[in-house]
There are 2 protein chains.
Amino acid sequence: MNSIDVALICRAMGDSNRLQIVQMLSEGEKCACKLLEKFVITQPTLSHHMRILCECGLVEVRKEGKWNHYTLNCDTLAAFINFISGLECCGKDVGLCQ
Amino acid sequence: MNSIDVALICRAMGDSNRLQIVQMLSEGEKCACKLLEKFVITQPTLSHHMRILCECGLVEVRKEGKWNHYTLNCDTLAAFINFISGLECCGKDVGLCQ
DNA sequence: CGGACGAATAGATAATTGTCAATATGTCAT
DNA sequence: ATGACATATTGACAATTATCTATTCGTCCG
C-alpha cells in the first residue's frame, strides 16, 4: 500500500462521524438505517460519507433489496494497519531506542 | 485515546505531504530544512503543516538555536497504532471470522 | 400498475483547507 | 549593534468539504 492510498484512508477517517462509522463496522456488518439512527445527520449526508469510505477501499457495500449493508474491507484494513504499525518513533539521531 | 483525538491525527495524516513528513520522521529526527528540501512547497507552508502535526500531538519539536528538529511523539504514536490495530473486519453478523 | 420506502444524485451554501507572497520574529556571528 | 538566516505570522485566494433541501432512482408488495 502506497502513501497516496494511506493518505486517502486517513482523510476518510479524519471526519469524526466517519471514524465512528468505522468503529461501528468494526463490530460487524451494519445496514445504513442502523448507522443513520446513531447520528444526527440526514440520509443524503450519510450516503455521502459512505461513498467516501467506500471509494478509499476501506468499506464494502452489500446491496440486498432496498437495503445497503456495510462492512470493513479486510484486505484494505489489514494493509492500512500494517502501514501504520510500521511507523516508528525511536529512530532518534542518537541511534538508541527509549 | 478517544475518537476525537484519533480523528484529529487521521486528519493530520490525510494530507499526502504531511503523511510523507511522518514517514520521514519515522526514520528519525529531521530538521525543518531537511524536510523542506524534499517537497516543492514554500517555508511558510511547511511551517503550517508542522503546526498541524504538532497540534494533534503526533510530532514534537526541539528548538536548537535557529533550527527546529522534529520527531514523532512516541506516546501519541503508540496510542494511535493501538487504536487502529484494534479495528476488526471479521465481525460479520454470521459470527464467523473468514 | 402504483404507492411506499431505502438509497443516490443534484444543487446550493457556509466552513475549512492548502498554498503563496509579504512581513515579522528570533537567534547567531561579526 | 547589525546583517544573515531559520522560523512564524498575516492576509489573501482558490479548492475542497460537510451539510442541507429537493428530487430522482430502484425495489418491493398489494
Side-chain angles (χ1 to χ4, degrees), chain A residues 3-25 28-73 93, chain B residues 3-25 28-73 93:
Chain A
S3 313
I4 297 175
D5 297 330
V6 173
L8 261 183
I9 294 174
C10 284
R11 179 167 289 221
M13 297 209 308
D15 175 88
S16 78
N17 280 336
R18 288 195 294 263
L19 180 60
Q20 286 179 68
I21 290 170
V22 168
Q23 283 186 274
M24 290 179 67
L25 297 184
E29 186 179 74
K30 294 274 185 301
C31 72
C33 49
K34 193 85 176 227
L35 294 172
L36 197 49
E37 281 175 11
K38 264 283 205 172
F39 303 94
V40 283
I41 57 175
T42 61
Q43 175 269 318
T45 299
L46 178 67
S47 180
H48 164 76
H49 286 315
M50 298 318 295
R51 180 174 170 154
I52 288 173
L53 287 170
C54 287
E55 278 178 352
C56 75
L58 191 57
V59 167
E60 281 182 330
V61 59
R62 177 171 68 82
K63 286 172 180 284
E64 192 182 40
K66 293 188 292 185
W67 290 277
N68 282 7
H69 300 269
Y70 297 100
T71 49
L72 295 183
N73 178 318
D93 274 352
Chain B
S3 314
I4 296 173
D5 298 329
V6 173
L8 261 182
I9 294 174
C10 284
R11 181 169 291 218
M13 297 209 306
D15 175 87
S16 79
N17 281 335
R18 288 195 296 263
L19 180 59
Q20 286 179 70
I21 290 171
V22 168
Q23 283 186 274
M24 289 178 69
L25 296 184
E29 187 179 74
K30 294 274 182 302
C31 72
C33 49
K34 192 86 176 226
L35 293 172
L36 197 49
E37 282 175 9
K38 263 285 203 172
F39 302 93
V40 284
I41 56 176
T42 61
Q43 176 270 318
T45 298
L46 178 67
S47 181
H48 163 77
H49 286 314
M50 298 319 293
R51 179 176 172 151
I52 288 173
L53 287 169
C54 287
E55 279 179 350
C56 75
L58 191 56
V59 166
E60 280 181 328
V61 59
R62 178 171 67 85
K63 286 172 180 284
E64 193 181 40
K66 294 187 292 184
W67 291 276
N68 283 7
H69 300 269
Y70 297 100
T71 49
L72 294 183
N73 177 317
D93 273 351

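Letters A, B, ... are given to chains in the order of the sequence lines, protein chains preceding strands, and every chain is numbered from 1.
More than 12 heavy-atom neighbours from other residues, nucleotides or ligands sit within 6.0 angstrom of CZ on A/Arg62.
Rounded to whole angstrom, the span from the CG atom of A/Leu8 across to the P atom of D/dT16 amounts to 13 Å. We find that CE of A/Met50 is positioned 17 Å from P of D/dT17, with the value rounded to whole Å. The distance from atom NE2 of B/His48 to atom P of D/dA12 is 17 Å, rounded to the nearest whole Å. A straight line from CZ of B/Arg11 to P of C/dA15 spans 15 Å, rounded to a whole angstrom. For the pair B/Leu53 CG and D/dA8 P, the interatomic distance rounds to 13 Å; values are reported in whole Å. Between the CD atom of B/Gln20 and the C1' atom of C/dG18 there is a distance of 15 Å, rounded to whole Å. If you measure from atom CG of A/Leu46 to atom P of C/dA7, you get 8 Å, rounded to the nearest angstrom. In this structure, A/Leu36 atom CG and C/dC5 atom P are separated by 15 Å, rounded to whole Å.
Look at A/Lys63 and you'll find a side-chain N or O under 4.0 angstrom from OP1 or OP2 of C/dA8. One finds no side-chain N or O of B/Thr42 lying less than 4.0 angstrom from the OP1 or OP2 phosphate oxygen of C/dT19. Contact annotation: B/Thr45 side-chain N/O to C/dC20 OP1/OP2 distance is under 4.0 Å.
At a cut-off of 3.5 angstrom, counting only N and O atoms as typed in the model, there is a donor on one side and an acceptor on the other between the side-chain of B/Gln43 and the base of D/dA8.
For the pair A/Ile52 and B/Ala32, both in contact range of DNA chain D, the more 5′-proximal nearest nucleotide belongs to B/Ala32. Mapping B/His49 and A/Lys66 onto DNA chain C via the closest heavy atom, the residue that lands nearer the 5' end is A/Lys66. Nearest-nucleotide mapping onto DNA chain D: of A/Trp67 and B/Arg51, the residue sitting toward the 5' end is B/Arg51.
The side chain to side chain contact (heavy atoms under 4.5 Å, CB included) test with B/Ser3 is passed by exactly one of A/Asn17, A/Val22, A/Leu19: A/Leu19.
Comparing D/dC20, C/dT9, C/dT19 against the side chain of B/Asn17 picks out C/dT19 as the nearest.
The closest side-chain heavy-atom distance from A/Met50 to A/Asn68 is not below 4.5 Å.
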